[in-house]
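Only one structure is covered here, and it is reproduced in the block below.
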Amino acid sequence: MTSVSADWRARVYAVVRSIPRGRVASYGLVAMLAGRSGAARAVGNVMLQCDDASVPCHRVVHADGSLARSFARQRERLRREGVRFVGGRVDLRERLWAPRLPAAATRGARVVFRGSGGRSRWTMRKDSPAL
DNA sequence: ATCTTGACCGAAT
DNA sequence: TATTCGGCCAAGA
């Protein structure tokens with residue numbers, strides 16, 4: 001058993017709750033949005049213990065579109081949202097969630113993901129270097 | 001500080 | 001396409 005701190009769990013939940021219906025995000029992307037780039041495995045630790053029904057944990061999939069073995073029914077839940085599978089994997093070309101980033105982020109600005117649900121969005125950080 | 005675990009990732013084979 | 005391997009991170013012991 002791997003434990004998870006309340007803070008980390010809250011960060012991850014906030015991101016997962018903002019994944020739109022019918023779309024999916026990889027563990028790595030969730031980690032990034034939660035402010036811990038590279039912590040994909042740690043996101044998995046949270047999902048493993050995800051009991052909160054308000055968190056659409058079925059929308060979190062592997063980076064290649066495949067699903068975790070131990071999460072039965074994930075496939076079914078995604079199908080119900082219209083997600084199509086190709087070769088046993090989610091068709092990421094069509095379903096991968098692509099959060100809109102501020103244009104400046106592309107040029108290196110520091111941004112932070114705020115909010116949850118439909119109101120979630122990236123915002124510039126006040127300490128972001130001038131561009 | 002060091003080690004272990006885990007719904008991970010990505011490149012190499 | 002599938003498997004292997006090294007590397008990644010958060011928490012606890």
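Letters go in sequence order (proteins before strands), and every chain restarts at 1. As the structure is a prediction and not an experimental result, all values here were calculated from the model.
- The shortest non-hydrogen separation linking I19(A) to R59(A) is O-NH1, 2.9 Å.
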Practice item. Would you check, one step at a time, whether the test side chain to side chain contact (heavy atoms under 4.5 Å, CB included) holds for M47(A) with S70(A)? Key: CA-CA 11 Å; M47(A) 300 319 287; S70(A) 54; over 6 Å; no

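- The side chain to side chain contact (heavy atoms under 4.5 Å, CB included) test applied to A31(A) returns A39(A), V43(A), not counting sequence neighbours.
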Can you list, pair by pair, the side-chain donor-acceptor contacts under 3.5 Å of residues 83-92 of chain A, counting residues two or more places apart and other chains?
{"residue": "R89(A)", "atom": "NH1", "partner": "D64(A)", "partner atom": "OD2", "Å": "3.2"}
{"residue": "D91(A)", "atom": "OD1", "partner": "R93(A)", "partner atom": "N", "Å": "3.3"}

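- For the residue pair R17(A) and V55(A), the shortest heavy atom distance occurs at NH1-CG2, 3.6 Å.
- Closest approach of W97(A) and L33(A) over heavy atoms only: CZ3-CD1, 3.4 Å.
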Under-3.5 Å N/O pairs linking protein and nucleotides 10-13 of chain C:
{"residue": "dA11(C)", "atom": "OP1", "partner": "S5(A)", "partner atom": "OG", "Å": "2.2"}
{"residue": "dA11(C)", "atom": "O3'", "partner": "S3(A)", "partner atom": "OG", "Å": "2.9"}
{"residue": "dG12(C)", "atom": "O5'", "partner": "S3(A)", "partner atom": "OG", "Å": "3.2"}

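- Nucleotides of DNA chain B with any atom under 4.0 Å from a heavy atom of chain A span, from 5' to 3', dT5(B) to dG10(B).
- The stretch residues 16-71 of chain A participates, sequence neighbours left out, in these ring pair (Phe, Tyr, Trp, His ring centres under 6.0 Å) pairs: Y27(A)-H62(A).
- Of all heavy-atom pairs spanning L29(A) and P99(A), the tightest one is CD2-CD, 4.4 Å.
- Of all heavy-atom pairs between L96(A) and R23(A), the closest is O-NH2, 3.1 Å.
- Here the closest heavy-atom approach between residue C57(A) and residue R77(A) is recorded as SG-NH1, 4.2 Å.
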Each nucleotide N or O in nucleotides 5-8 of chain C that has a protein N or O under 3.5 Å away: list the pair and distance.
{"residue": "dG7(C)", "atom": "O6", "partner": "R41(A)", "partner atom": "NH1", "Å": "3.0"}

